[in-house]
Amino acid sequence: QAASAGNVSMLKIDYIHHDELNTGGFDASYGNRLSSVFDIAYREGNRERVNGQLNLSAIGYGAQLEGPLPGKRGAWMFSANRSYLDLISKIMDSDNPADYYDLQGKATYDLGGRDRLSLLAIGGSSRTDYDHDPRELFSYATAGLNWRHLWGDKGYSDTSVSWSFLDGTENEYWEGEGVHEQYDYSNRWLTLRNVNHIRLSAGHKVEFGVEAQNVRFRNWDDFDNSVTRLTGTSAGAFLTWLAQVWPNFSLSVGARLDYVPLSERFHISPRLSFSWGLTKRLTMNG
């Protein structure tokens, strides 16, 4: 609906450890962003025992389970949800059936005292019909493997590889004119990313890393039978210094170097941001 993708989230709220919305002034570790960054981190599963829950709402049903890995060297969790709006539409003889489903899970395994592997996967699909004709079909999935290494008590590094896809089909009918138009599009992302965090002192930290991403885009329009394809690999490196200047004032200074395949150019992006806590309820970011 509109640009918000509807009022049902495919992210399992019970699985989210924390989230952070940066509406501007985000640090140099984030590239290829125009206005804001929404950073979501999933928690670990239960390392002590197996537990779960079933859920039933006005629009769907689902289940989630979690528990420890053998030897309690890690944990896993899994969730599945599906709507029954399509079943209700058939019972009510509605002309606008719609349905969705999603699957997601995370597994964490301790390689040793300083190394840990995490596997995260999220996927889903939704379909909407009008007057028994397919109008919209969307499928999305992402899966990533992350290796975290601790450098004693001074810092840590995260190295991850992830793959994502987004496929969509949209149909438009103009019965009065006898015109039908269909759009098919698909995106593919393969990303390699390394981020390192080092604590220099109580109030000073340094973050640096590199990333590379291969993107494949395809769009087909049957109205004029045209196909558009774009393929390229971008790369970037970044360095950020974060300082807690005063108890209520923090400063971030950094820079990025990015290679953009469409322009075939290197771009340097300086970054400077601050966060100033004016009161307990009022913070100014710039």
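Side chains included, hydrogens not; waters and symmetry mates left out as well; all remaining heavy atoms used.
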Pair Ser118, Asn146: side-chain N/O donor-acceptor within cut-off below 3.5 Å: no
Charged N-O contact under 4.0 Å between Arg43 and Glu66: yes
Parallel, tilted or perpendicular, as decided by the 30° and 60° cut-offs, for the rings of Tyr61 and Tyr84: parallel
No-hydrogen, no-angle side-chain donor-acceptor test under 3.5 Å, Ser83 and Asp99: no
Side chain proximity check, Ser252 to Leu272, heavy atoms < 4.5 angstrom: no
CE-NZ distance between Met77 and Lys12, expressed to the nearest 0.5 angstrom: 11.0 Å
Give every donor-acceptor pair under 3.5 Å between a side-chain atom in residues 237-244 and any protein atom, sequence neighbours left out.
{"unit_1": "Trp241", "atom_1": "NE1", "unit_2": "His204", "atom_2": "ND1", "d": "3.3"}
{"unit_1": "Gln244", "atom_1": "NE2", "unit_2": "Trp246", "atom_2": "O", "d": "2.9"}
{"unit_1": "Gln244", "atom_1": "NE2", "unit_2": "Pro247", "atom_2": "O", "d": "3.3"}

Cluster check Tyr185, Leu230: I/L/V/M/F/W/Y, side chain < 4.5 angstrom: no
Pairwise distance CG(Leu120) to OH(Tyr15) - rounded to 0.5 angstrom: 11.0 Å
From OG (Ser29) to CG (Asn196), nearest 0.5 Å: 11.5 Å
Reported NZ-to-CG distance for the pair Lys154 and Leu200, which is rounded to 0.5 angstrom: 8.5 Å
Interatomic spacing from CG in Leu137 to OG in Ser126 - rounded to 0.5 Å: 7.0 Å
Validation row, ring centre Phe249 to ring centre Phe274 under 6.0 Å: yes
Lys/Arg N to Asp/Glu carboxylate O, Arg265 vs Asp258, below 4.0 Å: no
Donor on one side chain, acceptor on other, Gln213 and Thr191, under 3.5 Å: yes
Glu44 with Arg116: basic N within carboxylate O range, under 4.0 Å: yes
Distance-only polar pair, side chains of Asp221 and Asn219, donor-acceptor under 3.5 Å: no
Side chain to side chain donor-acceptor pair (under 3.5 Å) assessment of Thr159 paired with Asn194: CA-CA 4 Å; Thr159 304; Asn194 170 261; 2.8 Å; yes
Hydrophobic cluster identity match, Val253 and Phe208, side-chain contacts under 4.5 Å: yes
Pairing residues for Ser36 by the side-chain hydrogen bond (donor to acceptor under 3.5 Å, both in side chains) criterion, not counting sequence neighbours: none
Check: Asp39/Tyr30 side-chain N/O donor and acceptor closer than 3.5 Å: yes
Short side-chain donor-acceptor distance under 3.5 Å, Trp147 and Asp115: yes
Pair Asn81, Gln104: side-chain N/O donor-acceptor within cut-off below 3.5 Å: no
